[in-house]
Amino acid sequence: MAAQVQQFFDQYKDILDKSLNDQSKPWSKVFEKVEEKTNIPKLYLFLGAAGFCALYLIFGYGAQLLCNIIGVVYPAYVSIHAIESSTKLDDTKWLTYWVTYGIMSIIEYFSVILTSIIPFYWLIKCGFLIWCMLPSEQNGSYVIYNRIVRPYFLKHHQAVDSAIDKAIGQAKKNIGSVLKNE
């Protein structure tokens, strides 16, 4: 068990290290400059910044804003890159993230009391969103989509499509009758 945990952390440490040193990423130059000035390795700088964010999400004023910035800014940035790329794989990955993010936002809106009852809610939500956007094939959005959203969608989409078609038909009929009366 301990070997599996160590392997898990080593895998993500390698991914994180590659990402911090990837010159195509927007943060690599920032980390390089700070590393140059402080002589602290990029990995430790990142972990320190992540620790500070975690503490802020627990104790800071405006933790909801920080959590939502983390959950939107980077995914929006890479989603634009995905749109502009010629491959479909990255489009699917980020569409899956946004479906998961949207469902969570709706659940959160209707259960706003959870944010005041659950201790460390914003830290937990931020961790969940980071899990959903991890650069791995089995990240959170993939797991949630394939185990929960997709089966539910496949079971009910024909009924929902039919209801939408009926509503559109009724709306067209109502608009047509309103325009006739004018």
Side-chain angles (χ1 to χ4, degrees), residues 5-6 8-84 90-149 152:
V5 171
Q6 184 64 41
F8 174 81
F9 282 112
D10 288 344
Q11 176 188 5
Y12 281 105
K13 181 183 175 232
D14 291 342
I15 291 170
L16 182 59
D17 198 43
K18 284 178 188 174
S19 182
L20 290 171
N21 290 302
D22 184 352
Q23 294 300 311
S24 68
K25 303 290 184 192
W27 52 77
S28 65
K29 290 180 181 148
V30 173
F31 278 105
E32 273 181 19
K33 287 181 182 179
V34 176
E35 180 182 42
E36 192 176 290
K37 296 216 185 253
T38 63
N39 290 324
I40 299 171
K42 292 175 201 169
L43 183 63
Y44 295 138
L45 290 170
F46 174 80
L47 293 174
F52 175 78
C53 283
L55 288 172
Y56 193 84
L57 287 167
I58 294 170
F59 301 112
Y61 179 77
Q64 179 180 6
L65 178 62
L66 176 61
C67 180
N68 288 329
I69 287 171
I70 291 168
V72 170
V73 173
Y74 176 71
Y77 176 79
V78 293
S79 294
I80 293 169
H81 275 283
I83 292 167
E84 297 300 322
D90 54 357
D91 296 356
T92 302
K93 176 185 177 182
W94 290 105
L95 280 171
T96 304
Y97 173 82
W98 289 114
V99 167
T100 305
Y101 182 86
I103 290 169
M104 183 175 182
S105 295
I106 290 170
I107 291 169
E108 184 179 74
Y109 177 80
F110 287 108
S111 58
V112 82
I113 192 131
L114 292 177
T115 62
S116 60
I117 291 176
I118 298 175
F120 314 122
Y121 177 80
W122 299 113
L123 177 63
I124 294 167
K125 178 183 176 185
C126 190
F128 171 79
L129 292 174
I130 290 170
W131 176 58
C132 287
M133 67 175 95
L134 281 176
S136 69
E137 291 183 25
Q138 297 289 320
N139 67 18
S141 57
Y142 176 87
V143 171
I144 290 168
Y145 180 79
N146 284 300
R147 291 191 184 165
I148 299 169
V149 176
Y152 188 83

- Closest non-hydrogen atom pair, Leu66 against Tyr56: CD2-CD2, 3.6 Å
- Query: If you round to the nearest 0.5 Å, how far is CD1 of Ile58 from SG of Cys53?
  - Reply: 11.5 Å
- Query: Donor-acceptor pair, Ser111 side chain versus Ile113 backbone, under 3.5 Å?
  - Reply: no
- Stepwise side-chain contact (heavy atoms from CB on, under 4.5 Å) test for Val99 and Leu95: CA-CA 6 Å; Val99 167; Leu95 280 171; 5.5 Å; no
- Note on the structure: Tightest non-hydrogen contact, residues Asn21 and Asp17, listed as ND2-O, 2.9 Å
- Between CZ on residue Phe9 and CG on residue Asp14, distance to nearest 0.5 Å: 13.5 Å
- Task: Side-chain contact test, heavy atoms from C-beta onward, threshold under 4.5 Å: evaluate it for Pro41 versus Tyr44 and give yes or no.
- Result: yes
- Message: Evaluate Lys93 against Glu137 for side-chain contact (heavy atoms from CB on, under 4.5 Å), listing each step before the verdict.
- Response: CA-CA 9 Å; Lys93 176 185 177 182; Glu137 291 183 25; over 6 Å; no
- Task: For residues Ile107 and Ile103, determine if any side-chain heavy atom of one lies less than 4.5 Å from a side-chain heavy atom of the other.
- Result: yes
- Query: Is a donor on one side and an acceptor on the other found under 3.5 Å between the side chain of Asn146 and the backbone of Tyr142?
  - Reply: yes
- Task: Decide side-chain contact (heavy atoms from CB on, under 4.5 Å) for Leu123 and Phe59; before the verdict, give the C-alpha distance in whole Å, the side-chain angles of both, and the deciding distance to 0.1 Å.
- Result: CA-CA 10 Å; Leu123 177 63; Phe59 301 112; over 6 Å; no
- Item | Side chain Ser141, main chain Thr100, donor-acceptor under 3.5 Å | no
- Message: Working to the nearest 0.5 angstrom, can you tell me the gap between Ile69 CD1 and Gln64 CD?
- Response: 11.0 Å
- Query: Roughly how far apart are Glu35 CD and Phe46 CZ, rounded to 0.5 Å?
  - Reply: 14.5 Å
- Task: Report yes or no: does Asn139 contribute a side-chain atom to a donor-acceptor pair with the main-chain N or O of Cys132 at less than 3.5 Å?
- Result: yes
- Item | Nearest-0.5 Å distance, NZ of residue Lys37 to CG of residue Leu45 | 13.5 Å
- Message: Return the OH to CZ distance between Tyr121 and Phe128, rounded to the nearest 0.5 Å.
- Response: 9.5 Å
- Query: Would you say the side chain of Leu57 lies within less than 4.5 Å of the side chain of Cys126, judging by non-hydrogen atoms?
  - Reply: yes
- Query: Any idea which heavy atoms bring Lys125 and Asn68 closest together, and the distance?
  - Reply: NZ-OD1, 2.9 Å
- Donor on one side chain, acceptor on other, Asp10 and Gln6, under 3.5 Å: yes
- Non-hydrogen atoms of Leu43 and Lys13 that approach each other most closely: CD2-CE, 3.5 Å
Please table the atom pairs, donor to acceptor, closer than 3.5 Å between any side-chain atom in residues 70-82 and protein atoms at least two apart or in another chain.
from, atom 1, to, atom 2, distance (Å)
Tyr77, OH, His81, NE2, 3.1
Ser79, OG, Pro75, O, 2.6
Ser79, OG, Trp98, NE1, 2.7

- Over all atoms of both residues, closest heavy-atom pair of Gln138 and Val143: O-CG2, 3.7 Å
- Message: Are the side chains of Trp122 and Leu65 in contact, using a 4.5 Å heavy-atom criterion?
- Response: no
